[in-house]
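Structure first, then comments.
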Amino acid sequence: VRGETMTTKGFYYFVFVVSCGLSAVGYGQGFLPPKESSATVTTEVHGPLQIGEKVPESFAVLNENGKRRALLTYKSAVEVMLVGFLSTNCPEKDMRWHEITHFYDDYKGWGVSFVAVNAGLPASREELAKQMKKAGLTFSVVDEEDHSLTTALKIESIPEFLILDEEGYLRYRGPMGKEARGAIEAIIGHMVSVPDPEPTRTSGCPVP
């Protein structure tokens with residue numbers, strides 16, 4: 001009975017960490033602690049990242065407090081990661097919030113972490129966070145420095161979504177929709193290849 005109780009507690013603790021993201025007690029469970037020091041986190045890159053390449057630990061964002069933090073610290077070592085580049089400059093009809101919300105609801109319980117990068121002006125981050133909250137999206141909203149991440153990750157239109165596997169390799173870059181669903185299910189299922197890792201865009205807003 002004692003062994004069964006410990007197993008049950010362990011299961012619920014795992015679900016809590018995956019669902020709620022980073023926490024101080026989670027570092028021992030495969031989470032990387034936040035890196036906020038400008039001395040250890042930089043955004044120096046050498047050309048756009050291609051499908052199949054690993055996201056460097058040096059790729060950084062600015063958190064809600066304006067502190068630099070490594071992008072990869074928003075996921076645990078066992079999580080898949082979706083990074084959405086969004087902007088309040090893009091009309092609501094083009095943002096398609098309902099589609100993003102359905103995607104989030106369908107996969108948030110499957111060991112997937114979500115981060116939104118404000119691709120607009122820093123002053124618009126708060127407004128973007130409000131729009132996301134209204135749509136039922138409760139994950140972190142971060143900024144980038146001087147479009148460094150947009151350039152490094154080859155973001156050419158908005159909204160744009162990246163999906164990284166557990167090891168931080170870029171496996172998908174493109175719009176939300178059936179292609180993104182096919183990609184994340186292939187990654188979660190540990191398939192070698194993604195059906196359509198970089199589909200052609202048919203709509204979207206230019207990067208501000």
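What's counted below: heavy atoms across the whole structure, side chains too, no hydrogens, waters or symmetry copies. Computed from a prediction, not measured in an experiment: that's the story for all the values here. One-based numbering along the sequence shown.
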Single-linkage hydrophobic cluster Leu62~Phe59, side-chain heavy atoms < 4.5 angstrom: no
Partner set under side-chain hydrogen bond (donor to acceptor under 3.5 Å, both in side chains) for Thr101, not counting sequence neighbours: none
Sidechain N-carboxylate O distance under 4.0 Å for Asp196, Lys178: no
Non-hydrogen side-chain atoms of Arg181 and Asp106 separated by less than 4.5 Å: yes
Glu166 side chain near His190 side chain, heavy-atom distance below 4.5 Å: yes
Side-chain (Glu53) to main-chain (Gln50) donor-acceptor, under 3.5 angstrom: yes
Student check: side-chain heavy atoms of Glu185 and Tyr107 closer than 4.5 Å: yes
Pair Glu179, Tyr172: side-chain N/O donor-acceptor within cut-off below 3.5 Å: no
Close side-chain approach of Ile51 and Arg171, heavy atoms under 4.5 Å: no
Cluster check Val61, Val207: I/L/V/M/F/W/Y, side chain < 4.5 angstrom: yes
4.5 Å side-chain heavy-atom contact, Phe85 and Pro159: no
Gln131-Thr88 side chain donor-acceptor pair, cut-off 3.5 Å: no
Residue from Val142, Val117, Val141 passing side chain to side chain contact (heavy atoms under 4.5 Å, CB included) with Arg125: Val141
Beyond-backbone contact of Asn118 with Ser124, side-chain heavy atoms, under 4.5 angstrom: yes
Distance (rounded to the nearest 0.5 Å) between Ile163 CD1 and Leu82 CG: 5.5 Å
Test side chain to side chain contact (heavy atoms under 4.5 Å, CB included) applied to Glu160 and Thr150, Ile155, Val83, the passing residue: Ile155
Any Trp110 side-chain heavy atom under 4.5 Å of Val80 side chain: no
Check: Arg201 and Pro175 side chains under 4.5 Å, non-hydrogen atoms: yes
Residue pairs involving residues 129-159 (criterion ring-ring contact (aromatic ring centres under 6.0 Å, His included); sequence neighbours excluded): Tyr104-Phe139, Phe114-Phe139
Mutual orientation of the aromatic rings belonging to His98 and His102 [parallel < 30°, tilted 30-60°, perpendicular > 60°]: perpendicular
